[in-house]
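Residue numbers start at 1 and run along the sequence shown.
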Amino acid sequence: MKAVVFHGIGDIRLDEVDDPKIKEPTDAIVRLTASAICGTDLHMIRGTVSGMEKGTILGHEGVGIVEEIGKNVRNLSAGDRVVIPSTIGCGNCSYCRAGYYAQCDNANPNGEGTAFFGGPKTSGSFNGLQAEKARIPFANVGLVKLPEEVDDDQAILLSDIVPTGYMAADNAQIKPGNTIAVFGLGPVGQFCIASAKFFDVGRIIAVDTIPSRLEMARAQGAEVIDFNEEDPIEAIKDLTDGIGVDRVIDAVGVDANMPHSGPAAKLAAKKHAKEKEKVAPDAKPKNGNWEPGDAASIVLNWSVEAVAKAGTISIIGVYGELDSFPIGDAMEKNLTLTMGNCNHRRYLPHLIELVRTGALDPAEILTQVEPMTSVIEAYKAFDQRRPGWIKVKLEPATAEASLAA
């Protein structure tokens with residue numbers, strides 16, 4: 001079968017690989033009808049998240065049809081259409097039973113870190129979902145059947161991005177009428193905005209610099225700030241009479257970029273100098289691609305500055321091994337910090353019902369649908385943040401030859 005394979009930092013290819021096979025009685029084999037490209041995939045390719053093993057199939061978002069089940073998968077049948085949660089949980093340990101599937105005691109064979117598809121060794125080195133087929137561990141717990149009313153364009157976003165944005169809003173502890181700020185308006189940030197509305201948010205201030213992302217946030221009713229045009233902290237303080245926001249969501253993570261123009265640029269360049277080299281020492285940029293962010297901790301700093309005293313910061317962006325956080329300033333403001341990998345399986349049944357009833361339409365944020373044969377070019381366009389490239393769905397197809405980045 002064809003699959004997107006990691007060969008090293010800055011080197012991904014569409015390869016011919018062996019079909020997956022059942023290994024455990026709780027496994028299932030799923031034929032993918034849709035997968036997607038995520039910003040987390042880019043962290044590994046850019047080198048800002050380390051530990052990827054050569055030969056790992058990338059991707060952690062998938063929708064498909066069950067082809068084969070292990071003998072202990074008693075709630076599914078061949079032919080069932082399912083969505084695949086990005087993180088993997090066993091369903092039996094105390095953490096899974098409490099809804100903390102990302103902290104499962106049993107799913108990760110390489111330690112206690114979150115187990116997820118297409119990630120580094122510390123996540124279990126499970127082959128990912130940017131492929132024609134995939135082996136799904138603990139399928140009796142992980143796979144969730146899809147109703148006919150939810151199509152693949154909607155379902156592929158339910159695999160990761162929608163639950164991640166919803167968990168970020170949930171973790172932010174939003175109270176009715178609160179004013180919140182969302183930093184980062186990629187797919188997760190857009191769903192943070194959409195999800196905040198289900199918690200009766202008052203105002204949403206959204207910060208980014210890419211015009212298409214800002215316009216999408218504005219269309220959702222957010223008050224937008226371009227950090228290359230304004231100092232985002234000064235703008236937030238101005239919009240809140242100097243108080244700051246009640247809640248902040250960091251939907252950026254380790255690949256954050258600093259302002260390169262406008263009133264915030266000079267201080268950012270001084271404060272975050274050489275941060276990229278520390279975070280991604282093995283980066284291998286090539287022809288404008290796979291360039292790590294140049295200010296890994298800037299959104300963490302902005303979050304602490306933007307939030308009001310006794311406020312809450314919800315961190316959903318991936319940070320890997322970054323060890324920079326203004327903990328003293330956060331302590332002085334009596335802030336609450338919440339963070340973590342998404343417990344996808346916990347939120348999926350509720351979110352599927354929201355989509356089925358029309359209360360939420362994830363497909364509004366899907367901007368590209370590409371065949372698997374064009375996956376390398378799609379990766380490059382998404383990595384470069386080309387205008388309009390916000391979320392990319394991949395449809396598996398047969399290719400004749402492997403492609404190299």
With a 4.5 Å limit on heavy-atom distance, are the side chains of [X] and [Y] in contact?
{"X": "Val355", "Y": "Pro362", "value": "yes"}
{"X": "Gln220", "Y": "Gln190", "value": "yes"}
{"X": "Ile22", "Y": "Arg135", "value": "no"}
{"X": "Met339", "Y": "Leu337", "value": "yes"}

Check side-chain hydrogen bond (donor to acceptor under 3.5 Å, both in side chains) between [X] and all other residues, then give those that pass, not counting sequence neighbours.
{"X": "Asn178", "value": "none"}
{"X": "Lys121", "value": "none"}
{"X": "Glu229", "value": "none"}

Donor-acceptor pair, distance only, cut-off 3.5 Å: does the side chain of [X] make one with the backbone of [Y]?
{"X": "Ser314", "Y": "Ile249", "value": "no"}
{"X": "Glu230", "Y": "Ala235", "value": "no"}
{"X": "Arg97", "Y": "Asn92", "value": "yes"}
{"X": "Asn108", "Y": "Gly113", "value": "yes"}
{"X": "Thr87", "Y": "Cys342", "value": "yes"}
{"X": "Ser86", "Y": "Ser159", "value": "yes"}
{"X": "Thr367", "Y": "Ile390", "value": "yes"}
{"X": "Lys333", "Y": "Val307", "value": "yes"}
{"X": "Gln130", "Y": "Ala36", "value": "yes"}
{"X": "Arg203", "Y": "Leu239", "value": "yes"}

[X] and [Y]: side chain donor to acceptor below 3.5 Å:
{"X": "Thr26", "Y": "Asn72", "value": "no"}
{"X": "Glu370", "Y": "Tyr379", "value": "no"}
{"X": "Asp250", "Y": "Ser303", "value": "no"}
{"X": "His344", "Y": "Asp160", "value": "yes"}
{"X": "Asn341", "Y": "Gln103", "value": "no"}
{"X": "Glu353", "Y": "His350", "value": "no"}
{"X": "Asp170", "Y": "Tyr347", "value": "yes"}
{"X": "Glu53", "Y": "Ser125", "value": "yes"}
{"X": "Thr33", "Y": "Glu395", "value": "no"}
{"X": "Asp383", "Y": "Asn289", "value": "yes"}
{"X": "Tyr95", "Y": "Asn106", "value": "no"}

- Task: Search all heavy atoms of Ile9 against all heavy atoms of Phe6 and return the closest pair with its distance.
- Result: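 Heavy-atom minimum between the residues: N-CZ, 3.5 Å.
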For the [atom1] atom of [X] and the [atom2] atom of [Y], what is their distance to the nearest 0.5 Å?
{"X": "Leu58", "Y": "Leu129", "atom1": "CG", "atom2": "CG", "value": "10.5 Å"}
{"X": "Leu360", "Y": "Glu364", "atom1": "CG", "atom2": "CD", "value": "8.0 Å"}
{"X": "Glu61", "Y": "Leu157", "atom1": "CD", "atom2": "CG", "value": "7.5 Å"}
{"X": "Glu275", "Y": "Ser324", "atom1": "CD", "atom2": "OG", "value": "5.5 Å"}
{"X": "Asp231", "Y": "Glu305", "atom1": "CG", "atom2": "CD", "value": "8.0 Å"}
{"X": "Glu291", "Y": "Gln384", "atom1": "CD", "atom2": "CD", "value": "11.0 Å"}

Would you say that more than 12 heavy atoms from the other residues, nucleotides or ligands in this model lie under 6.0 Å from the [atom1] of [X], or not?
{"X": "Glu112", "atom1": "CD", "answer": "no"}
{"X": "Lys197", "atom1": "NZ", "answer": "yes"}
{"X": "Arg386", "atom1": "CZ", "answer": "yes"}
{"X": "Lys284", "atom1": "NZ", "answer": "no"}

- Task: Only counting residues at least two apart or in another chain, list the ones meeting ring pair (Phe, Tyr, Trp, His ring centres under 6.0 Å) with His260.
- Result: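 With sequence neighbours excluded, His260 shows a ring pair (Phe, Tyr, Trp, His ring centres under 6.0 Å) to no residue whatsoever.
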- Partner residues of Tyr100 under the ring pair (Phe, Tyr, Trp, His ring centres under 6.0 Å) criterion, sequence neighbours left out: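 For Tyr100 there are no ring pair (Phe, Tyr, Trp, His ring centres under 6.0 Å) partners, ignoring immediate neighbours.
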- Dump the intermediate steps for side-chain contact (heavy atoms from CB on, under 4.5 Å) on Ile205 and Val245, then the final yes or no. CA-CA 9 Å; Ile205 299 172; Val245 294; 4.0 Å; yes
- Item | Stepwise side-chain contact (heavy atoms from CB on, under 4.5 Å) test for Arg247 and Lys175 | CA-CA 9 Å; Arg247 308 287 187 260; Lys175 295 180 180 179; 4.0 Å; yes
- Query: Does the gap between the ring centers of Phe199 and Tyr166 come in under 6.0 Å?
  - Reply: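 Yes - the distance between ring centres of Phe199 and Tyr166 falls below the 6.0 Å cut-off.
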- Ion pair Arg218/Glu215, N-O distance below 4.0 Å: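 Salt bridge between Arg218 and Glu215, a charged N being under 4.0 Å from a carboxylate O: yes.
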- Message: So that I can tick it off, tell me whether Glu67 and Lys133 are bridged by a salt bridge, with the cut-off set at under 4.0 angstrom between side-chain N and carboxylate O.
- Response: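 Yes, this pair counts.
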- Message: Go through it in stages, so that I can follow the logic: the residues are Asp294 and Lys276, the test is salt bridge (charged side-chain N to carboxylate O under 4.0 Å, His left out), and I'd like the CA-CA distance, side-chain angles, deciding distance and then a yes or no.
- Response: CA-CA 5 Å; Asp294 58 15; Lys276 178 170 67 173; over 6 Å; no
- Task: Could you please spell out the steps behind the salt bridge (charged side-chain N to carboxylate O under 4.0 Å, His left out) verdict for Asp15 and Lys2?
- Result: CA-CA 6 Å; Asp15 287 343; Lys2 293 294 183 182; over 6 Å; no
- Item | Trace of the side-chain contact (heavy atoms from CB on, under 4.5 Å) decision for Trp302 with Ile233 | CA-CA 7 Å; Trp302 279 346; Ile233 303 306; 3.8 Å; yes
- Could you walk me through whether Trp290 and Leu42 pass side-chain contact (heavy atoms from CB on, under 4.5 Å), step by step? CA-CA 7 Å; Trp290 325 132; Leu42 297 179; 4.0 Å; yes
- Item | Derivation and outcome, salt bridge (charged side-chain N to carboxylate O under 4.0 Å, His left out), residues Glu277 and Lys274 | CA-CA 5 Å; Glu277 289 78 6; Lys274 298 184 178 180; over 6 Å; no
- Query: Looking at residues at least two apart in the chain, or sitting in another chain, which of them share a salt bridge (charged side-chain N to carboxylate O under 4.0 Å, His left out) with Arg81?
  - Reply: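 Arg81: salt bridge (charged side-chain N to carboxylate O under 4.0 Å, His left out) contacts with Asp152.
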- Message: Checking side-chain contact (heavy atoms from CB on, under 4.5 Å) between Lys145 and each of Val66, Val83, Asp80, which is the one that passes?
- Response: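 Of the listed options, the one satisfying the test is Asp80.
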